[in-house]
Colleague: 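Questions regarding the structure given below will be posed in turn.
So you know, we letter chains A, B, ... as the sequences are listed, proteins then strands, and number each from 1.
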Amino acid sequence: MDFDGLVRDFPDLTTTGLEQGAIYALVALGYTLVYGVLRLINFAHSEVFMIGTVAALGTWQAMGYNQDSSVSGIGLILLLVLAGLAAAVVASTLTAVAVERVAYRPLRRRNAPPLAFLITAIGASFVLFEAVGLFSDNIGIGGERGPFGMVRPFQPATLFSIGGWDITNTQVLVVFSALGMLVALDLFVNRSRLGRGIRAVAQDPDTAALMGVNKDRVILLVFVIGGIMAGAAALLWNVTYAFSRFDVGFLIGLKAFSAAVLGGIGNLRGALLGGLLLGVVENYASGLFGGEWKDFTGFVVLIVLLMFRPTGLLGESLGRARA
Amino acid sequence: MRQKLARAFGGIAIAALVFGGAACQAGEDDGGDSGSGSSAACGMKIGFFGALTGDAAGLGIHMRNGTKLAIDQYNKENADCTAELVEYDSQGDPAKAPALATQAVSDQKVIAIIGPAFSGESEVADPIFQQGNLPTISPSATRPSLSEKGWTVFHRGVGNDTSQGPAAGRYIKNVLKAEKVYVVDDQSAYGAGLADEVKKVIGTPAGEDKVAVKQTNFSAVVTKIKNSGATALFFGGYYTEAGLLLKQLKGAGWQGTMIAGDGVNDANFITVAGQQVAEGTILTCPCAPATEAKGTFVTDYKTAFDNAEPGTYADVSFDITKIVLEGLKDGKATRADMLSWIKAYNKAGTATGVTYKFESNGELDPTQVIVWAFKVQGGKVVPDVEIPKA
C-alpha cells in the first residue's frame, strides 16, 4: 500500500475522481428515473449515452473538425460545444424514446412479467451498440468498430489552484454542469405539474391513472428526461476524454447503475451522491492499492454499504418520501 | 409411439453421420493420393486466426490481408489447384478462441493456421490445435512462455517479448537516456509480459501501475505518473488504452515520452490520441518496417487493398503463409506432413528478408530476430532505428 503516494496525490485524485463521478451521476439519473417510475432497470441506457457521444463526434466531423484539429477562439469553442450538446441531446433523447416505444411499451401493453423487460433491455442494448460498431464505417465516423478519436473543443488547463489543489477547466465544467442539471431536475420533479405526474405514477400507477394522469405520457417524459441527461453526460464525456467507441457505454453504464444503487435507486439526489462517491473511491483505491484494485474496491464499498443500508445511502424516494 | 419414432430418427441420423463421415474420409484419401506424388495438394484450407472485428481489429486485419495476398497470388499461379483462406475471427478475445479453435481442428481440410495473432488467445487455442495436431505459425503472438508449453504445433515468425522487451528497455536507457521511467501495463498476457521484460533492463522504475483493457478514465494513473516526475513512460498494452492514457497525460500537462510495444504500433493509436498528442511516441516491434518490405510486397499490397499501407506484421503474415503454400505445392496434404515441412523449413521470406528457420520449440532462430523502434511523426508511424542486439 502506497500511503505516501496517496497523500502526495490526494488533491488530484479527489478532483479527477469528482469529475469522473459527475459523469457517472448524470448517466445514473437516467437509470434512477426509469427505475423510480417503472421499477425497471433500463439496461439500454448505456447505449443511449454512447449514441450521444457518437452523435456529437459525428457533428464535429461534419463541421470539419477531427482529432487532429486545433481549436482557438472563444466563439468557435462555444459553437463546437453547443453544436455537440445539441446533437448529443437530440440523438440520446430519440434513442431513449425509440427504446421505450420498441422494447418496453409493447410488453407493458401485454402485461409482460418483469423478466421479459430485462431481456428486451439487454437485447436493445446489444442491437444498438452492434449497429454502431458495424455501421460506423458507413456513416463515416471512423473505421468499422474502430476507436473514434475526436476534436477537443478546448484543451484541459489549470483554471486556478487553491493551496496545491489544481482545478482544471474541464473539471469545473463537468462538476458544475452535473450539479446544475440535478438541481434543475429536482425542481422539475418536485415543483412542476409534469413532475407531480411523474411522482404520482411512481407512487401508485393505477391510482394515478384513475386521477387522470396519462401513464404512457409520463413514462415517455421519463425516458425523454433520461435521454437529455445522458446526452449532456455524453457531451461532457467527449469534452473530457475526446474518445468514443461502440462499446464505450458498457463500462460507464455499469458504473452509473452501481452509483444509482449506491445512492439509493429511484432517488435523484442519491444518484448524484452515489456517482461522486464512486468516482472518488475508485481514484483513492487506485492511488492506495494500484490501478488493478480500482473496480474491486469500488464494488466492495458498494456491497458493504448495501449490507448496512440495503436501500442505498439516501433510500428510495422518488415516489414515496416526498409525495 | 413417440419414443419409437425418436429412435427411428436417431438411427437414421446416426447412419447418415457414419456414411457421411466415410464419404468425407474417402474424399480426403483422394486428395491425399493426388498429393502423395510430386503433384501439389489441392483444395486445402489455410486458417487465419485473429481479431478481425472488435477493438483490436486494426492489428488483425493487416495480418489477414498479408495472408490473403499470399494465398491470392498462389491461386493465380495455380488456378487448377487452389488453396482456400478460412477466417477465424476471435476478436482478440481469449473467451472466444476455444470454440473457434475446435471448429478449425474439426475441419480436416484446414491444414495449417496463421495465428493466433495475440498471446492471450494463443494460450487457450494452442492446446486445442496441439490435440488436433494442426500446425500453427503466429505472425505476432510474442509472449515468451508460449514456446515453453511443449506444443509441437506452435511456431512464431517473429521474436518474442524477451527480444522486444529488452530492446525497448535498451532504447529507453541508451537512446532516450531517461532516468525516471514509469511502467504501466494493461494486465493482459501480452502487456504484463512485455512490461516485466522492460523492468528487467531499466532497473527500478520511478513507479508502476496497472490499468484494465477497455478502461477509459485514467485519471488516477495520470496523477501518479505526473507527480512521480517521470520523463518517460513505458506502456505494455494495446493501442486504444495507450492512446487514451497518453491523451489524458498530455492533457494534465505531462511532457515526457511514451514508449510502447507492437500492440500500440498501429495507425489507430494516432486516431485515438490525436496527431499532436501522439507526436514523438516511440513504438517498438520485433519486425522490420512493413512499408519498407522487400520485393514487390508493398506495391502488391497497396494494389490489392485499396491503396492501404501495409500495417505491422502484414509482411510477416505474407511470408509465413508462403511457407505453408510452398508445402502445399510440394504435396503436403496432411497436417503431420505439413508440420514436418514447417519444422524443416529454412529459406528467406520474400517480403521480410528474414530467414525462416524454427528451433525445436517453435521459436524463430534468434539470429534472425530484429527489433525496430518506430516513431510517430506528423501523424504517421515512421521507422526510426533498428535497435542493436546488446
Colleague: Just give me the residue among B:Ala252, B:Gly379, B:Gly253, B:Ser228 that pairs up with chain A most often, heavy atom to heavy atom, under 4.5 Å.
Modeller: B:Ser228
Colleague: Can you check whether A:Ser286's main-chain N or O pairs, donor with acceptor, with B:Lys224's side chain at less than 3.5 Å?
Modeller: yes
Colleague: Where on B:Val272 is there a heavy atom nearer than 4.5 Å to chain A: the side chain, the backbone, both, or neither?
Modeller: both
Colleague: Taking it one step at a time, do A:Gln155 and B:Lys250 satisfy side-chain contact (heavy atoms from CB on, under 4.5 Å)?
Modeller: CA-CA 10 Å; A:Gln155 295 299 323; B:Lys250 295 260 166 105; over 6 Å; no
Colleague: Within the supplied structure, the quantity of interest is the number of heavy atoms (other residues, nucleotides, ligands) at a distance under 6.0 Å from B:Gln103 CD; does it exceed 12?
Modeller: yes
Colleague: Measuring heavy-atom distances to chain B, does A:Val248 have an atom under 4.5 Å in its side chain, in its backbone, in both, or in neither?
Modeller: side chain
Colleague: Does any heavy atom of chain A fall under 4.5 Å from the side chain of B:Thr216, the backbone, both, or neither of them?
Modeller: both
Colleague: Rounded at 0.5 Å granularity, tell me how far CZ in A:Phe243 sits from CD in B:Gln248.
Modeller: 10.0 Å
Colleague: Can you tell me which of A:Asp9, A:Leu251, A:Thr16, A:Leu134 forms the most heavy-atom pairs within a distance under 4.5 Å of chain B?
Modeller: A:Asp9
Colleague: Hey, does B:Asn217 have a side-chain heavy atom less than 4.5 Å from the side chain of A:Lys294?
Modeller: yes
Colleague: I need the residue from B:Leu244, B:Thr240, B:Ile61, B:Val221 with the largest number of non-hydrogen atom pairs under 4.5 Å to chain A.
Modeller: B:Leu244
Colleague: Is any side-chain heavy atom of A:Ser70 closer than 4.5 Å to one of B:Gln276?
Modeller: yes
Colleague: Between B:Thr271, B:Val277, B:Asp209, which residue shows the highest count of heavy-atom pairs closer than 4.5 Å to chain A?
Modeller: B:Thr271
Colleague: Which bit of A:Asp247 is near chain B, if near means a heavy-atom gap under 4.5 Å: side chain, backbone, both or neither?
Modeller: side chain
Colleague: Tell me, yes or no, whether the heavy-atom count around A:Phe250 atom CZ, taken from other residues, nucleotides or ligands under 6.0 Å, exceeds 12.
Modeller: no
Colleague: How far does CZ of A:Arg152 sit from NZ of B:Lys247, to the nearest 0.5 angstrom?
Modeller: 6.0 Å
Colleague: Is it the side chain or the backbone of A:Glu292 that comes within 4.5 Å of chain B heavy atoms, both, or neither?
Modeller: both
Colleague: Does NZ belonging to A:Lys255 count more than 12 external heavy atoms closer than 6.0 Å?
Modeller: yes
Colleague: Could you tell me which portion of A:Trp237 (side chain, backbone, both or neither) has an atom closer than 4.5 angstrom to a non-hydrogen atom of chain B?
Modeller: side chain
Colleague: Please look at A:Arg8 and chain B and tell me whether the side chain, the backbone, both or neither of the residue comes under 4.5 angstrom of a heavy atom of that chain.
Modeller: both
Colleague: Need one label for A:Ala242: side chain, backbone, both or neither, based on atoms under 4.5 Å from any heavy atom in chain B.
Modeller: both
Colleague: Ion pair present between A:Asp12 and B:Lys226, side-chain N to carboxylate O less than 4.0 angstrom?
Modeller: yes
